[in-house]
Protein chains: 2
Amino acid sequence: MFELDVRSRKPIYEQLVERLKELIITEVLKANEQLPSVRMLAQQLTINPNTIQKAYRELESQSYIYSIKGKGSFVSPATLKQNSEKIVKVKHELSKLISEALYLGITADELFKMIKEIETTVGGGIESDQNQ
Amino acid sequence: MFELDVRSRKPIYEQLVERLKELIITEVLKANEQLPSVRMLAQQLTINPNTIQKAYRELESQSYIYSIKGKGSFVSPATLKQNSEKIVKVKHELSKLISEALYLGITADELFKMIKEIETTVGGGIESDQNQ
DNA sequence: TGCAGTGTACTATGATTCGTAATACAGTTA
DNA sequence: TAACTGTATTACGAATCATAGTACACTGCA
């Protein structure tokens, strides 16, 4: 199901996130389909369950999947795919604007603050992933 | 000329960058005015010249200042002030886009990563920081 | 030419962060 | 209860970061 490059400079959990996103977006993994459990996948890939867990947590925070204690992790239905075109578009526009902003001397720090402010103002945001 | 908080969690060189940007934008430091030399300023602030150097390098990469080997570092003329309108505009556009992104379910975290990636790719931010 | 000023590059090092692992806790279902 | 699930806590080596030490290279002036 997965191929990972363990000796890559990219951390394993990031590779996992990318690969899974791809599978979800392309609907190889369908809505509400159950993902392999953290332990199963860990064993299969001969890495630590916690690494899978980190990838899953990341995917959940980006609402690609949802997890239920004791039951499993599942592909998020609809909403994401419905918006996927818009999302791609917005991301692209954002990239350009961010590049321009950085070029103009606005610092990444400044942008971070901006986002946090908007996040709390709009209230729509999901809280972010504080790595242990 | 400067006050720094050495025990702040913010690195010294960053504080320096911020403070100098402010002085340049508010035109306390005029165009083409020579900045204190790395050694002078280092001695005055009782920190290592290399820390000043890092701040100056950062400022130069964002074209707030320019440096000439053997002569000194100077405030960049014009360009930045010319950009100030652009900056306001870009920030405004960014606000709107970020709101939309968050609304679409893109997380703040994802945006952070995006920025970091662009920062390193474009080299817009703190670039040439290749330690050893 | 030499000296004293300037910026720059390289290396070292302690502190912090990062990626992963080990282990224990907690919910679900049969 | 047993055998699955996800989650939280802690530990630890590796990588990165912030700063320092030191040496190099250029400029301008006596």
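Numbered from 1 within each chain, the chains take letters A, B, ... in sequence-line order.
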Q: Quick one: salt bridge (charged side-chain N to carboxylate O under 4.0 Å, His left out) partners of A:K21, sequence neighbours excluded?
A: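 Only B:E110 meet the salt bridge (charged side-chain N to carboxylate O under 4.0 Å, His left out) criterion with A:K21.
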Q: What's the closest nucleotide to the side chain of B:R39 if the choices are C:dA21, D:dC24, D:dT7?
A: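 Selected nucleotide: D:dC24.
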Q: Can you measure B:I12 atom CD1 to C:dA15 atom P for me and round it to whole angstrom units?
A: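 Result: 15 Å.
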Q: Any side-chain to backbone donor/acceptor pair from B:E93 onto A:L97? Under 3.5 Å, distance only.
A: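 No: the side chain of B:E93 does not pair with the backbone of A:L97.
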Q: Once you round it to whole Å, what is the distance between P of C:dT6 and CD1 of B:I65?
A: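 After rounding, the reported distance stands at 14 Å.
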Q: Identify, between A:N50 and B:V38, the residue whose nearest nucleotide on DNA chain C lies closer to the 5' end.
A: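 Closer to the 5' end of DNA chain C: B:V38.
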Q: Does C:dG7 have OP1 or OP2 under 4.0 Å away from a side-chain N or O of B:S67?
A: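 Indeed not, no polar side-chain atom of B:S67 lies that close.
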Q: Please report, rounded to the nearest Å, how far the C1' atom of C:dG7 is from the CD atom of B:E60.
A: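 Value for this atom pair: 9 Å.
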Q: May I ask you to verify if any side-chain N or O of A:Q53 is less than 4.0 angstrom from the OP1 or OP2 atom of D:dT7?
A: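 So the side chain of A:Q53 is within the cut-off, an N or O lying under 4.0 Å from OP1 or OP2 of D:dT7.
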Q: What is the separation between atom CG on A:L59 and atom P on D:dT7, rounded to the nearest whole Å?
A: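 Atom-to-atom, A:L59 to D:dT7, this comes out as 12 Å.
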Q: Please determine if a side-chain N or O atom of B:S37 lies less than 4.0 Å away from the OP1 or OP2 oxygen of C:dT6.
A: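 So the side chain of B:S37 is within the cut-off, an N or O lying under 4.0 Å from OP1 or OP2 of C:dT6.
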Q: Ignoring backbone atoms, test whether B:K54 places a side-chain nitrogen or oxygen under 4.0 Å from the OP1 or OP2 oxygen of D:dT19.
A: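 Checking D:dT19 against B:K54, no side-chain N or O comes under 4.0 Å of OP1 or OP2.
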Q: Can you tell me how far C1' of D:dT19 sits from CG of B:L41, to the nearest Å?
A: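 About 15 Å, once rounded to whole Å.
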Q: CE of A:M40 versus P of D:dG6: gap in Å, rounded?
A: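 Those two atoms, CE and P, are 10 Å apart.
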Q: Please report the shortest heavy-atom distance between A:S67 and A:S73, naming the atom on each side.
A: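 Here A:S67 and A:S73 meet closest at OG-OG, 2.9 Å.
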Q: How about A:I52 and A:L45: do any of their side-chain heavy atoms sit closer than 4.5 Å?
A: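 Yes, at least one pair of side-chain atoms sits under 4.5 Å.
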Q: Grab the CD1-P distance between B:I52 and D:dA18 for me, whole Å please.
A: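 So the CD1-P distance, B:I52 to D:dA18, works out to 15 Å.
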Q: Round to the nearest Å and state the distance from A:L35 atom CG to D:dG6 atom P.
A: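 Taking CG of A:L35 and P of D:dG6, I get 9 Å after rounding.
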Q: Mind listing the N/O atom pairs, protein and nucleotides 26-30 of chain D, below 3.5 Å?
A:
from	atom 1	to	atom 2	distance (Å)
D:dG28	OP1	B:K71	NZ	3.1

Q: Between A:V38 and A:Y56, is any pair of side-chain heavy atoms under 4.5 Å apart?
A: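 Sidechains of A:Y56 and A:V38: in contact.
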Q: Output yes when at least one side-chain N/O atom of A:T51 is less than 4.0 Å from OP1 or OP2 of C:dT20, else no.
A: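 Checking C:dT20 against A:T51, no side-chain N or O comes under 4.0 Å of OP1 or OP2.
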Q: Under 4.0 Å: is that the gap between some side-chain N or O of B:N48 and OP1 or OP2 of D:dG21?
A: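 It does, given that an N or O in the side chain of B:N48 lies less than 4.0 Å from OP1 or OP2 of D:dG21.
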Q: For B:T51, which residues count as a side-chain contact (heavy atoms from CB on, under 4.5 Å) partner, sequence neighbours excluded?
A: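 Once residues adjacent in sequence are excluded, the partners of B:T51 under the side-chain contact (heavy atoms from CB on, under 4.5 Å) criterion are B:I12, B:Y13, B:I47, B:N48.
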Q: Side-chain contact test, heavy atoms from C-beta onward, threshold under 4.5 Å: evaluate it for B:N32 versus B:Y66 and give yes or no.
A: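 In short, these two side chains touch, coming nearer than 4.5 Å.
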